[in-house]
Amino acid sequence: MKLQLALDTLSLKQCLDLVEKVKDTVDIVEIGTPVLLEYGLWAVREMKGRFPDLEVLADAKIMDAGEYEASQCFEAGADYVTVLGASHDTTISGVVSAARKYNRKVMVDMIDVHDLRQRTIEVDRLGVDVICVHTAFDLQSSGANPLAELEIILSVLENAKAGVAGGVKLSTLGAIARLHPSIIVVGGGITNQADPIQAAKTMKARMNHESA
């Protein structure tokens with residue numbers, strides 16, 4: 001299992017400073033959508049330039065112009081790019097085409113997909129690398145978490161790997177890790193903690209324990 005650190009609410013400098021401290025603990029650094037909106041693909045270039053040995057994900061949440069927008073992200077240095085599962089199949093296929101051209105990877109974000117089981121089956125046939133369930137930020141305050149949705153996609157996946165995101169914290173990590181998704185995405189569960197370095201180490205240790 002890989003630990004993906006989602007950077008959403010920090011300045012670019014804060015992002016770079018934090019990654020410097022946790023670079024030996026996390027596996028993927030996500031340039032979150034809010035950071036992309038503020039800094040553009042420069043944030044991806046800076047992160048990949050500073051930490052070439054870490055995988056960098058651009059959370060572009062592509063919805064249209066799949067091949068073109070994905071290519072922009074890959075040219076900036078992204079190893080992964082996200083496309084929304086609610087997008088048209090043609091858009092997702094365009095993102096996959098760009099990924100194959102650049103030898104990079106595609107994560108499909110299934111946020112707010114209504115028929116999750118059926119859409120997972122459909123998307124899994126398009127050649128994507130990771131299908132990720134995602135509890136929306138705006139729903140997390142109600143106590144929603146992605147565990148049940150992770151179980152759904154794991155029951156039907158045949159080709160892609162599974163990812164899970166949205167409100168993952170130490171108290172819920174164990175149950176999620178026991179299902180062995182390939183990628184677990186953690187944002188505030190690390191970045192909002194009093195000691196984010198220790199939080200990252202504790203989470204990674206818990207994941208390693210569950211995968212042993």
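With rounding to the nearest 0.5 angstrom, the CG atom of Leu41 is 10.0 Å from the CD1 atom of Ile31. Between the NE2 atom of His88 and the CE atom of Met63 there is a distance of 10.5 Å, given to the nearest 0.5 Å.
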(request) Evaluate the salt bridge (Lys or Arg N to Asp or Glu O under 4.0 Å) criterion for residues Glu55 and Lys2: first the C-alpha distance (whole Å), next the side-chain angles of each, then the deciding distance (0.1 Å), finally the verdict. (result) CA-CA 10 Å; Glu55 292 184 301; Lys2 292 184 177 181; 2.8 Å; yes
(request) Begin with the C-alpha distance, continue with both residues' side-chain angles, and end with the deciding distance and a verdict on side-chain contact (heavy atoms from CB on, under 4.5 Å) for Met203 and Val186. (result) CA-CA 9 Å; Met203 286 193 159; Val186 182; 3.5 Å; yes
(request) Go through Asp195 and Lys21 one step at a time and tell me if the salt bridge (Lys or Arg N to Asp or Glu O under 4.0 Å) criterion holds. (result) CA-CA 11 Å; Asp195 187 345; Lys21 297 172 182 175; over 6 Å; no
(message) Apply side-chain contact (heavy atoms from CB on, under 4.5 Å) to residues Ile183 and Val130 and explain how you reach the verdict.
(response) CA-CA 8 Å; Ile183 298 174; Val130 183; 4.0 Å; yes
(message) Go through it in stages, so that I can follow the logic: the residues are Ile28 and Leu5, the test is side-chain contact (heavy atoms from CB on, under 4.5 Å), and I'd like the CA-CA distance, side-chain angles, deciding distance and then a yes or no.
(response) CA-CA 6 Å; Ile28 303 171; Leu5 173 62; over 6 Å; no
(request) Walk me through it: do Val83 and Asp109 pass the test side-chain contact (heavy atoms from CB on, under 4.5 Å)? (result) CA-CA 6 Å; Val83 57; Asp109 186 336; over 6 Å; no
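Counting all heavy atoms, side chain and backbone alike, Met1 lies closest to His180 at SD-CA, 4.0 Å. The two residues Val35 and Leu7 have their closest heavy-atom pair at CG2-O, 3.2 Å. Scanning both residues, Ile190 and Pro196, for their nearest heavy atoms gives O-CB, 3.1 Å. Here the closest non-hydrogen pair linking Gly85 and Ile92 is O-CD1, 4.3 Å. Summarising the geometry of Val22 relative to Ala200, their closest heavy-atom pair is CG1-CB, 4.1 Å, with the distance given to 0.1 Å. Among all heavy-atom pairs drawn from Pro146 and Gly166, the shortest one is CD-O, 3.3 Å.
Looking at Val56 and Tyr80, their side chains never come closer than 4.5 Å, going by heavy atoms from C-beta outward. At least one side-chain heavy atom of Leu36 sits under 4.5 Å from a side-chain heavy atom of Val44. Taking 4.5 Å as the limit, every side-chain heavy atom of Ile62 sits out of range of all side-chain heavy atoms of Ser87. Taking 4.5 Å as the limit, some side-chain heavy atom of Leu3 sits within range of a side-chain heavy atom of Met207. Counting heavy atoms from C-beta on, the side chains of Lys161 and Asp129 never come closer than 4.5 Å. Side-chain contact between Val81 and Phe74 is present, with at least one heavy-atom pair separated by less than 4.5 Å. Under the 4.5 Å side-chain criterion, counting only non-hydrogen atoms from C-beta, Leu18 is in contact with Leu10. At least one side-chain heavy atom of Val123 sits under 4.5 Å from a side-chain heavy atom of Val128.
Using a distance-only test at 3.5 Å, with no hydrogens or angles considered, a donor-acceptor pair links the side chain of Thr202 to the main chain of Gln198. Listed for the Ser211 side chain is no donor-acceptor partner under 3.5 Å among the backbone atoms of Ala177. Under a 3.5 Å cut-off, the side chain of Glu30 and the backbone N or O of Val185 do not form any donor-acceptor pair. Remark: side-chain polar atoms of Arg45 are not paired, donor with acceptor, to backbone N or O of Glu75 under 3.5 angstrom. Between the side chain of Arg206 and the backbone N or O of Lys204, no donor-acceptor pair lies under 3.5 Å. No donor-acceptor pair under 3.5 Å is formed between the side chain of Arg119 and the backbone N or O of Val113. Proximity of a side-chain donor or acceptor of Glu20 to a complementary backbone N or O of Asp17 within less than 3.5 Å is not detected. No side-chain donor-acceptor contact under 3.5 Å links Asp8 to the backbone of Pro34. Proximity of a side-chain donor or acceptor of Thr120 to a complementary backbone N or O of Leu116 within less than 3.5 Å is detected.
Neither Leu54 nor Leu57 shares a network with the other; the hydrophobic side chains, linked directly or stepwise wherever heavy atoms of I, L, V, M, F, W or Y lie under 4.5 Å apart, form separate groups for each. Cluster membership for Met110 and Met107, using ILVMFWY side-chain heavy atoms within less than 4.5 angstrom, is not shared. Connection of Ile121 to Ile152 is not established within any shared hydrophobic cluster, with ILVMFWY side chains joined at heavy-atom distances below 4.5 Å, either directly or through further cluster members. By the rule that hydrophobic residues join a cluster once side-chain heavy atoms approach within less than 4.5 Å of another member, Val106 and Val164 end up as members of one cluster. Transitive grouping of hydrophobic side chains (ILVMFWY, heavy atoms separated by less than 4.5 Å) brings Val168 and Ile197 into a common cluster.
Ion pairing between a basic and an acidic side chain is recognised when a charged N comes within 4.0 Å of a carboxylate O; Lys48 and Asp79 show such pairing.
By the neighbour-count criterion of 12 heavy atoms within 6.0 Å, atom CZ of Arg117 is sparsely surrounded, having that number or fewer from other residues, nucleotides or ligands.
Screening Ile131, Ile153, Val156 for a side-chain contact (heavy atoms from CB on, under 4.5 Å) with Asp124, the sole residue that qualifies is Ile131.
Side chains of Thr82 and Lys61: no donor on one and acceptor on the other come within 3.5 Å. Looking at Tyr39 and Glu46, their side chains never bring a donor and an acceptor atom within 3.5 Å of each other. Checked by atom type, the side-chain pair Glu151/Ser155 shows no donor-acceptor distance below 3.5 Å.
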